[in-house]
Amino acid sequence: MNENMKKRNEVLAQTVIKGLESRNMTGYYAADKGEALKLALEIIGEGSSVAMGGCQSAHEIGLVDALQAGNYNYIDRSNMTPREGLLAAYDADVFLSSANAMTNDGIIVNIDGNSNRVSCIAQGPKRVLFIVGMNKVCSDLDAAMKRARNVAAPANAQRFDVKTPCKVTGKCSDCKSPDTLCCQFLITRFSRHEGRIHVILVNDTLGY
């Protein structure tokens with residue numbers, strides 16, 4: 001990423017943070033992955049129970065490794081049945097997620113197949129912490145929805161053993177495939193619960 005783009009992202013992040021604040025959510029800016037990791041651990045707090053869905057961005061900044069190595073109760077879904085993992089996540093102190101896209105005035109867009117991720121974002125865990133690369137910030141809700149459907153969903157489909165049109169074409173076909181990843185769409189435009197939703201904007205390209 002060149003210096004001009006980094007400076008542009010830094011300025012844009014402040015606009016996004018103001019938008020989040022107007023929606024009763026808290027935004028933070030991190031200049032790089034290392035700063036994002038430090039900030040995330042401060043927000044989470046030692047001793048907290050932490051769950052997550054499929055959050056590639058958390059892996060990319062080193063957060064999952066830090067949680068597993070540190071004084072945190074990291075809830076590892078791989079050791080549980082899907083139902084056990086979901087119920088444990090609902091009761092967690094912190095739920096980690098990224099966004100498939102978000103607008104420059106603070107609206108967060110996520111698409112989910114099994115819906116465990118979007119359900120925990122909407123309700124359950126005491127706090128939700130989003131790790132969002134600036135590559136996911138879009139001009140408005142229409143652009144964010146298009147990014148989620150035509151960039152994030154097809155890229156995610158490549159990770160799984162699914163048979164969806166987007167895995168072949170790289171773009172959304174508005175399919176009703178049994179394997180579709182686009183079962184639930186969650187648009188988070190406001191939080192009634194002050195202090196619940198936190199968003200770290202990272203001046204880097206993260207996730208899908």
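Heads up: numbering here begins at 1 and tracks the sequence. Note that this is a predicted model, so its numbers are computed, not measured.
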Task: Cluster check Val202, Leu12: I/L/V/M/F/W/Y, side chain < 4.5 angstrom - done: no
Open item on the list: So Leu201 and Asn9, do their side chains get closer than 4.5 Å, heavy atoms only?
Closed with: no
Open item on the list: Could you go through Ser98 and Lys136, starting from their C-alpha distance and side-chain angles, then the distance that decides it, and tell me whether this counts as side chain to side chain donor-acceptor pair (under 3.5 Å)?
Closed with: CA-CA 10 Å; Ser98 189; Lys136 296 183 178 181; 3.0 Å; yes
- [ ] Begin with the C-alpha distance, continue with both residues' side-chain angles, and end with the deciding distance and a verdict on side chain to side chain contact (heavy atoms under 4.5 Å, CB included) for Thr188 and Val109.
- [x] CA-CA 6 Å; Thr188 304; Val109 175; over 6 Å; no
Task: Shortest non-hydrogen separation from Asn150 to Cys172 and the atoms involved - done: OD1-N, 3.0 Å
Task: Donor-acceptor under 3.5 Å (Glu84 side chain, Thr81 main chain) - done: yes
- [ ] First locate atom CD of Gln158, then atom CG of Asn156, and finally report the distance between them rounded to the nearest 0.5 Å.
- [x] 9.5 Å
Open item on the list: Is it the case that the side chains of Ser119 and Tyr90 hold a donor-acceptor pair, with the cut-off being a distance below 3.5 Å and no angle test?
Closed with: yes
Task: Criterion side chain to side chain donor-acceptor pair (under 3.5 Å) on Ser177 and Asp179, from CA distance to verdict - done: CA-CA 5 Å; Ser177 164; Asp179 288 340; 4.8 Å; no
TODO: Determine the minimum heavy-atom distance between Ala51 and Ile75, stating which atoms define it.
DONE: CB-CD1, 4.1 Å
TODO: Output the distance between atom CZ (Arg159) and atom OH (Tyr208), rounded to the nearest 0.5 Å.
DONE: 4.5 Å
TODO: Looking only at non-hydrogen atoms, find the nearest pair between Cys138 and Ala101 and report the distance.
DONE: SG-CB, 4.2 Å
Open item on the list: A side-chain contact here means heavy atoms from C-beta on lying under 4.5 Å apart; do Gln14 and Tyr29 qualify?
Closed with: yes
- [ ] State, to 0.1 Å, how close Thr169 and Ser173 come at their nearest heavy-atom pair, and which atoms those are.
- [x] OG1-OG, 4.5 Å
Task: Evaluation steps, side chain to side chain contact (heavy atoms under 4.5 Å, CB included), between Met5 and Glu10 - done: CA-CA 9 Å; Met5 182 59 73; Glu10 184 176 354; over 6 Å; no
Task: Heavy-atom side-chain contact between Arg77 and Asn116 under 4.5 Å - done: yes
TODO: Check whether any side-chain N or O of Gln184 sits under 3.5 Å from a backbone N or O of Gly113 as a donor-acceptor pair, and report yes or no.
DONE: no
Open item on the list: Just verifying a value: how many Å separate Ile131 CD1 and Ser57 OG, rounded to the nearest 0.5 Å?
Closed with: 7.5 Å
Open item on the list: Do Val132 and Leu206 have side chains that approach each other closer than 4.5 Å (heavy atoms only, starting at C-beta)?
Closed with: no
Task: Pairwise side-chain contact, Val199 with Tyr28, heavy-atom cut-off 4.5 Å (strictly under) - done: no
- [ ] Before accepting this row, confirm whether a basic side-chain N of the pair Lys38/Glu42 lies closer than 4.0 Å to the acidic partner's carboxylate O.
- [x] yes
Task: Between CG on residue Leu20 and CZ on residue Phe190, distance to nearest 0.5 Å - done: 11.5 Å
Open item on the list: Using a 3.5 Å distance criterion without hydrogens, assess whether the side chain of Glu60 forms a donor-acceptor pair with backbone atoms of Gly207.
Closed with: yes
Open item on the list: Just verifying a value: how many Å separate Leu63 CG and Leu41 CG, rounded to the nearest 0.5 Å?
Closed with: 5.5 Å
Open item on the list: Has Asp204 got a side-chain atom pairing as donor or acceptor with Asp32's backbone, closer than 3.5 angstrom?
Closed with: no
- [ ] Evaluate whether atom CG of Asn2 has more than 12 neighbouring non-hydrogen atoms of other residues, nucleotides or ligands under 6.0 angstrom away.
- [x] yes
Open item on the list: Contact between Thr26 and Glu21 at the side-chain level, heavy atoms closer than 4.5 Å - yes or no?
Closed with: no
- [ ] Indicate yes or no: at least one non-hydrogen side-chain atom of Met102 is less than 4.5 angstrom from one of Arg147.
- [x] no
- [ ] Spell out, yes or no, whether Leu96 and Leu186 are grouped together once hydrophobic residues are joined by side-chain heavy atoms under 4.5 Å, including indirect joins.
- [x] no
- [ ] Verify whether one side chain among Arg117 and Asn110 offers a donor that lies under 3.5 Å from an acceptor in the other.
- [x] yes
Open item on the list: Which heavy atom of Gly195 sits nearest to which heavy atom of Arg127, and what is that distance?
Closed with: O-CG, 3.7 Å
Open item on the list: Any salt bridge linking Lys18 with Asp105? Criterion: basic side-chain nitrogen under 4.0 Å from a carboxylate oxygen.
Closed with: no
TODO: Find out whether Phe95 and Ile121 are in side-chain contact, i.e. whether some heavy atom of one side chain is under 4.5 Å from a heavy atom of the other.
DONE: yes
- [ ] Mind listing the closest non-hydrogen atom pair of Cys120 and Leu86 along with its distance?
- [x] SG-CD1, 4.2 Å
Open item on the list: Taking Ile17 as the starting point, is it possible to reach Ile197 by hopping between hydrophobic residues whose side chains are less than 4.5 Å apart?
Closed with: yes
Open item on the list: Do Asn24 and Ser191 pair up side chain to side chain, a donor and an acceptor below 3.5 Å, judged on atom types alone?
Closed with: no
Task: Transitive ILVMFWY side-chain link Val137 to Ile107, under 4.5 Å - done: no
Open item on the list: Between Asp112 and Val118 (side chain of the first, backbone of the second, donor and acceptor by atom type, cut-off under 3.5 Å), is there such a pair?
Closed with: yes
Task: Pair Thr103-Asp140, side chain to side chain donor-acceptor pair (under 3.5 Å): steps then yes or no - done: CA-CA 5 Å; Thr103 68; Asp140 54 30; over 6 Å; no
TODO: May I have the step-by-step check of side chain to side chain contact (heavy atoms under 4.5 Å, CB included) for His198 and Met25, ending in yes or no?
DONE: CA-CA 6 Å; His198 302 258; Met25 298 183 276; over 6 Å; no
TODO: Start with the C-alpha gap between Met80 and Leu87, add the side-chain angles, then the distance that decides, and say whether side chain to side chain contact (heavy atoms under 4.5 Å, CB included) holds.
DONE: CA-CA 10 Å; Met80 302 177 178; Leu87 293 177; over 6 Å; no
TODO: Consider only side-chain heavy atoms of I, L, V, M, F, W and Y, link residues closer than 4.5 Å, and tell whether Val128 and Ile108 are in one cluster.
DONE: yes
TODO: To the nearest 0.5 Å, tell me how far Lys163 NZ sits from Thr180 OG1.
DONE: 15.5 Å
